[in-house]
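Have a look at the structure below before the remarks.
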There are 2 protein chains.
Amino acid sequence: MKIGELARLTGTNVETIRYYERDGLLPIPARSDGNYRIYGDAHVQRLSFIRRCRSLDMTLEEIRVLQHFKESPQENCADVNRLLDLHIGHVAQRMQELQELEMQLKDLRERCGETRDAAHCGILEGLSQAIVPSGKTASHVQGTHWHAANPNSAKGIQGNQV
Amino acid sequence: MKIGELARLTGTNVETIRYYERDGLLPIPARSDGNYRIYGDAHVQRLSFIRRCRSLDMTLEEIRVLQHFKESPQENCADVNRLLDLHIGHVAQRMQELQELEMQLKDLRERCGETRDAAHCGILEGLSQAIVPSGKTASHVQGTHWHAANPNSAKGIQGNQV
DNA sequence: TAGAAACCCTTGAGTAGCTACAGAGTCAAG
DNA sequence: CTTGACTCTGTAGCTACTCAAGGGTTTCTA
C-alpha cells in the first residue's frame, strides 16, 4: 500500500509517517517505480504500536526502547515494567502539579467575582504580587497548553481522519 | 541595574529576559555607555508579573492580553475573568485526560506483574493491540513529558538561582 | 596600572513532535 | 490529453525557552 492508505489505516498524518521514518522509528520502506513508498502489514503493525504508545503520552525515546524489547524476545521484560512504572510516575506527578495549579487559579479567580474596571481588578492585583517560590521538584513534565503545531497529540488518536 | 541583577531579583534566566524583550513582552530598556541594558523598578514589576503568570502555566499570548488590560485601566475586567476561566478550563481538561491516561497505564501495567521474557510480556502485547479511538475533544493541552530545553518551566519559579 | 575574572553583548542553533507549505513529479479516470 | 488526486523532497514554523561561540566591558585584585 502507499502512504495515504497507511495513514488512513492507522489514523496518522502522512507527514507524521515520513517524520517517523526520518526519525528512525519506522523502517525505511521499499519504493515503487515512481518513487512512492510501499508499505506492508508489518508497517501497519509497527505504526499502530507507535500511535498507541503516543496516545499514552510516551515519548518517542520511550517508544524506541519498547520497540527494542519487542525485537529481542529473549530479554527479560523487567525493564519494560520499569519504564512503564516511571511513566506512570510522571503522569501522577503532573496531575498533582495541575491540581495545585487549579487551586491557585481558582483562588485568583475569586478575587474578581464581579465585573469592575481593570484598575481595581483583583485578579490583576493578585498577579502583580511577588513571586512565591513553590517547592516543586524538577520533572520533565509539560505545561497546560498545546495550541502548537499538533492539535492531535496528547489527546489520543481519534479515528481515521479523512 | 544590569540584566544580571534583574535576573537574580526575579529568579529568571538572563537569556529568558532577553527573549522576552525580543518577543515584545518586556519594553526595550535604556543602554549604558558600554551597551549594557539598564533596568529600573518598573522592569522588575513587569517581569515579576510575567513570571507569576508563567508559574500559573499561562502562555505568553495570555500574558500579553493581561498586560494590555493592566495598561488600560478604564476597560472592563470582564475579559480578564473570561481569560482566567478559560485557562482554568484548560487545566481541568488536562487533568481529566491525565486521569484517563493513568487508568490506561495502570491497566497495562497489571498485565505483567511478574517478570518473564519479553516474548510473553503482557505489556508489549497490550501495546500492540489495535488503536481504540477515544472521544477526547480538541484542546491545546500538552503532554506529560518535559525533558526539553527548559527544566524550569511548568514547575513554578523556585527562588533565585545563583 | 596590568591582568584576570566576572559580567555583558549579538547571533545562531537546538529542544519535542510534529504540521504546513512550495514546487515538482506520478498515476488513474474520463 | 487533461484533470485531479496523490506523492515526492526540502525547508520553515510552532512553544518557551536554553546554550554556545566569539567577542566587548567592567570590576576587582596584585
Side-chain angles (χ1 to χ4, degrees), chain A residues 1-8 11-26 28-29 31-39 47 50-51 53-55 57-64 90 140-155 157 161-162, chain B residues 1-8 11-26 28-39 47 50-51 53-55 57-64 90 138 140-155 157 161-162:
Chain A
M1 74 190 75
K2 286 180 287 181
I3 199 169
E5 196 180 342
L6 179 63
R8 270 187 298 278
T12 313
N13 196 318
V14 167
E15 321 268 9
T16 305
I17 296 176
R18 289 197 277 248
Y19 171 76
Y20 288 157
E21 180 185 324
R22 268 201 310 284
D23 206 48
L25 271 173
L26 273 179
I28 292 168
R31 296 284 183 137
S32 73
D33 284 354
N35 199 31
Y36 286 8
R37 290 170 177 83
I38 302 298
Y39 298 99
L47 184 52
I50 295 170
R51 296 308 283 173
C53 291
R54 285 294 298 134
S55 79
D57 244 358
M58 294 179 190
T59 63
L60 299 188
E61 250 329 284
E62 285 173 324
I63 297 171
R64 229 184 293 278
H90 303 157
H140 56 209
V141 167
Q142 279 177 312
T144 311
H145 291 273
W146 198 248
H147 21 210
N150 59 341
N152 221 20
S153 149
K155 61 187 185 66
I157 293 148
Q161 56 239 91
V162 186
Chain B
M1 74 190 76
K2 286 181 287 181
I3 200 169
E5 195 180 344
L6 179 63
R8 269 188 298 280
T12 313
N13 196 318
V14 167
E15 321 269 8
T16 305
I17 296 176
R18 289 198 275 249
Y19 171 76
Y20 287 159
E21 180 185 325
R22 269 201 308 285
D23 206 47
L25 272 173
L26 274 180
I28 292 168
R31 295 286 182 134
S32 73
D33 284 356
N35 199 31
Y36 286 8
R37 290 171 177 83
I38 302 297
Y39 297 100
L47 183 52
I50 295 170
R51 297 306 284 172
C53 291
R54 285 294 299 135
S55 79
D57 244 357
M58 293 179 190
T59 63
L60 299 188
E61 249 330 284
E62 286 173 323
I63 297 171
R64 228 183 294 278
H90 303 158
H140 57 208
V141 168
Q142 280 177 312
T144 311
H145 291 273
W146 197 249
H147 19 210
N150 58 341
N152 220 22
S153 147
K155 62 187 185 64
I157 292 147
Q161 55 239 89
V162 185

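These figures come from a predicted structure and were not determined experimentally. Proteins get letters first, then strands, A, B, ... in listed order; numbering begins at 1 in each.
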What is the separation between atom [atom1] on [X] and atom [atom2] on [N], rounded to the nearest whole Å?
X       : N      : atom1 : atom2 : value
A/Leu6  : D/dC6  : CG    : C1'   : 15 Å
A/Ile38 : D/dC6  : CD1   : P     : 15 Å
A/Asp23 : C/dG17 : CG    : P     : 8 Å
A/Arg31 : C/dT26 : CZ    : P     : 13 Å
B/Tyr19 : C/dT11 : OH    : P     : 17 Å
A/Glu21 : C/dC18 : CD    : C1'   : 15 Å
B/Ile3  : D/dT26 : CD1   : C1'   : 16 Å
B/Asp33 : D/dT26 : CG    : P     : 7 Å

N or O in side chain of [X] less than 4.0 angstrom from [N] OP1/OP2:
X       : N      : answer
B/Asn13 : D/dT18 : yes
B/Arg22 : C/dT10 : no
B/Tyr20 : D/dC17 : yes
A/Arg51 : C/dC18 : yes
A/Thr16 : C/dG17 : no
B/Arg37 : C/dC9  : yes
A/Arg18 : D/dC8  : yes

(message) As a quick check of understanding, evaluate salt bridge (Lys or Arg N to Asp or Glu O under 4.0 Å) for A/Arg64 and A/Glu61, giving each step before the final call.
(response) CA-CA 5 Å; A/Arg64 229 184 293 278; A/Glu61 250 329 284; 2.7 Å; yes
(message) Taking the nucleotide of DNA chain D with the nearest heavy atom to each, does B/Lys2 or B/Leu60 sit closer to the 5' end?
(response)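 Closer to the 5' end of DNA chain D: B/Leu60.
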(message) Which is more 5' along DNA chain D, the nucleotide nearest A/Tyr39 or the one nearest B/Ser32? Just name the residue.
(response) A/Tyr39
(message) Using only modelled atom types and a 3.5 angstrom limit, is any donor from either the side chain of A/Tyr36 or the base of C/dT26 paired with an acceptor on the other?
(response)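 Indeed there is one.
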(request) Map A/Glu15 and B/Gly4 onto DNA chain C by nearest heavy atom, then report which one ends up closer to the 5' terminus. (result)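 The residue closer to the strand's 5' end, by nearest nucleotide, is B/Gly4.
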(request) Please report the C-alpha distance between A/Met1 and A/Arg8 in whole Å, then the side-chain angles of each, then the deciding distance to 0.1 Å, and finally whether the side-chain contact (heavy atoms from CB on, under 4.5 Å) criterion is met. (result) CA-CA 11 Å; A/Met1 74 190 75; A/Arg8 270 187 298 278; over 6 Å; no
(message) Could you check whether A/Arg18 pairs with A/Glu21 (Lys NZ or Arg NE/NH1/NH2 to Asp/Glu carboxylate O, under 4.0 Å)?
(response) no
(message) Show, in sequence, the C-alpha distance, side-chain angles and deciding distance for A/Lys2 and A/Arg37, and conclude whether the side-chain contact (heavy atoms from CB on, under 4.5 Å) test is met.
(response) CA-CA 6 Å; A/Lys2 286 180 287 181; A/Arg37 290 170 177 83; over 6 Å; no
(request) To the nearest 0.5 angstrom, please state how far the CG atom of B/Leu25 sits from the CD1 atom of B/Ile17. (result) 12.5 Å
